[in-house]
Amino acid sequence: MPELPEVEVVRAGLAPAVTGSLIAGVSVFDDRALTRHPAGAADFVTRLEGRRIDTASRRGKFLWLPLARTEGDDAALVAHLGMSGQMLLRAPDAGAERHERLRLHLHHPVHGELAVVFSDQRTFGSLAVDRLVPDGPTIVPTQVLHIARDPIDPFFDDLAFVDAVRRRSSAVKRVLLDQTVVSGIGNIYADEALWASRIHPETPASRLSAASVRRLLLEVRAVLAKALAEGGTSFDAQYVNVNGQAGYFAHSLNAYGRGGQPCPRCGGPILREAFMNRSSHYCPRCQRRR
DNA sequence: GGGGGTTCCTGTACGC
DNA sequence: TGCGTACAGGAACCCC
């Protein structure tokens with residue numbers, strides 16, 4: 001399930017291959033890959049073919065490839081991987097991937113012909129061509145404007161975050177998953193950061209002290225940084241880097257996916273509970289409900 | 001506009 | 001073996 005570290009691994013993997021590349025062709029095999037692009041597949045293809053890619057950018061779990069500027073048009077190819085989306089770098093004549101939805105045929109000035117394959121089992125991921133607009137000191141696609149900066153963004157405002165969290169009455173885990181408060185955190189890293197901070201996931205955010213929220217933010221950053229260093233979290237074939245390789249962070253998880261197993265800190269059993277149509281994993285001994 | 005629940009989707013695991 | 005069902009969850013959407 002791609003969260004910030006996984007998307008960043010994909011962005012970093014794509015960057016050297018796509019930067020400066022010309023989009024020679026676009027093949028759309030499944031329109032569901034374009035639910036973010038309401039104008040449809042033909043329009044999507046027209047807007048991309050013949051354009052050059054400038055770089056690879058990211059905010060939270062959104063990834064985008066800004067296109068070299070043409071007159072009156074500042075656009076980017078936006079991608080959200082959803083739960084199972086993959087961006088794979090392949091040779092131009094590579095056979096179809098199992099859940100291939102879309103393929104970009106690129107020409108790189110140094111590396112020559114290559115393909116970027118968007119493959120997605122559960123079809124929650126999707127792509128679009130979107131207009132780029134300024135957002136403070138940065139430029140983002142309009143579809144990303146409502147998303148808050150992520151905790152490793154140099155312009156992330158720690159004080160505003162602490163304030164925003166403490167204004168919410170919802171469970172703190174729900175607030176961590178709210179991409180308009182802080183982006184990039186999904187179920188895995190929310191559980192891990194709460195475990196590291198010894199905070200019960202159902203604690204109303206407004207009940208946390210400013211110091212607790214600051215500590216939580218530190219733990220969020222620590223868990224994201226460690227996952228990034230280990231290439232992201234892979235449980236099955238649903239998350240891989242651009243070369244199809246899995247990440248190693250699943251071996252470092254303390255709470256997520258460890259229901260019934262001993263807490264690495266106190267030895268008590270990790271509890272798995274239903275939460276927001278998904279699961280929460282926490283240690284009821286270390287993370288007391290207040 | 002905050003809050004909380006529902007929906008979209010497919011492959012896998014599991015019970016009967 | 002075959003069928004039905006639960007489960008995984010990011011983000012948009014809905015109603016209160």
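Lettering of chains follows the sequences in order, A, B, ..., and the numbering in each one begins at 1. Values below: all heavy atoms of this structure, side chains included; hydrogens, waters and symmetry mates excluded.
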Open item on the list: With a 4.0 Å cutoff (strictly under), does any side-chain N or O of A:R36 reach OP1 or OP2 of C:dA11?
Closed with: no
Task: Spacing of A:F275 atom CZ relative to B:dT6 atom P, expressed in whole Å - done: 14 Å
Task: Atom-to-atom span, CG of A:N187 to C1' of C:dA11 - whole angstrom - done: 14 Å
Task: Comparing A:R278 and A:R167 on DNA chain B - which has the more 5′ nearest nucleotide - done: A:R167
Task: Listed nucleotide nearest any side-chain atom of A:T123, set C:dG10, C:dA11, B:dC9 - done: B:dC9
TODO: Give the rounded distance in Å between these two atoms: CG of A:D120 and C1' of C:dG10.
DONE: 11 Å
Open item on the list: It should be established whether A:R32 places a side-chain nitrogen or oxygen under 4.0 Å from OP1 or OP2 of nucleotide B:dC8.
Closed with: no
Task: A:H146 side chain near C:dA12 phosphate (N/O to OP1/OP2, under 4.0 Å) - done: yes
Task: Donor-acceptor pair, side chain of A:E3 and main chain of A:K61, under 3.5 angstrom - done: no
- [ ] Measure from the side-chain heavy atoms of A:L177 and tell me the nearest of C:dA11, B:dC9, C:dG10.
- [x] C:dG10
- [ ] Specify whether A:H37 and A:F44 have parallel, tilted or perpendicular ring planes, treating 30° as the upper limit for parallel and 60° as the lower limit for perpendicular.
- [x] perpendicular
Task: Whole-Å gap separating P (C:dC7) and OH (A:Y256) - done: 13 Å
Open item on the list: If you compare every side-chain N and O of A:Q121 against the phosphate oxygens of B:dT10 (OP1, OP2), does one of them come in below 4.0 Å?
Closed with: no
Open item on the list: Between A:D150 and A:R58, is the salt bridge (Lys or Arg N to Asp or Glu O under 4.0 Å) condition met? List the steps.
Closed with: CA-CA 10 Å; A:D150 60 61; A:R58 182 193 56 74; 3.1 Å; yes
- [ ] Report yes if a donor N or O on one partner sits less than 3.5 Å from an acceptor N or O on the other, where the partners are the side chain of A:R122 and the base of C:dG10; otherwise report no.
- [x] no
- [ ] Looking only at side-chain atoms of A:F62, point me to the closest of B:dT10, B:dG3, C:dA11.
- [x] C:dA11
Open item on the list: With heavy-atom distances below 4.5 Å as the criterion, would you say the side chains of A:C266 and A:C283 are in contact?
Closed with: yes
Task: Distance, rounded to the nearest Å, where A:L81 contributes CG and C:dA12 contributes P - done: 14 Å
Task: A:S126-A:T35 side chain donor-acceptor pair, cut-off 3.5 Å - done: yes
Open item on the list: Taking any heavy-atom pair under 4.0 Å as a contact, classify A:R174: base, sugar-phosphate, or nothing.
Closed with: base
Task: Per A:R98 side chain, nearest of listed nucleotides B:dT12, B:dC9, C:dG10 - done: B:dT12
Open item on the list: For A:L176, is there any backbone N or O sitting under 3.5 Å from a side-chain donor or acceptor partner on A:R174?
Closed with: no
TODO: Write down the distance between CE (A:M83) and C1' (B:dC9), rounded to a whole number of angstrom.
DONE: 9 Å
- [ ] Hunt down the Watson-Crick or G-U wobble partner of C:dC16, both distances under 3.5 Å, from any strand shown, or write none.
- [x] B:dG2
TODO: Report the nucleotide, chosen from C:dG10, C:dA12, B:dG4, that has the shortest atom-to-atom distance to any side-chain atom of A:K61.
DONE: C:dG10
- [ ] In whole angstrom, give the distance that lies between atom CG of A:D178 and atom P of C:dA12.
- [x] 11 Å
Open item on the list: From CG of A:D30 over to C1' of B:dT10, roughly how many Å is that when rounded to an integer?
Closed with: 12 Å
Task: Any A:S169 side-chain nitrogen or oxygen under 4.0 Å from OP1 or OP2 of B:dG2 - done: no
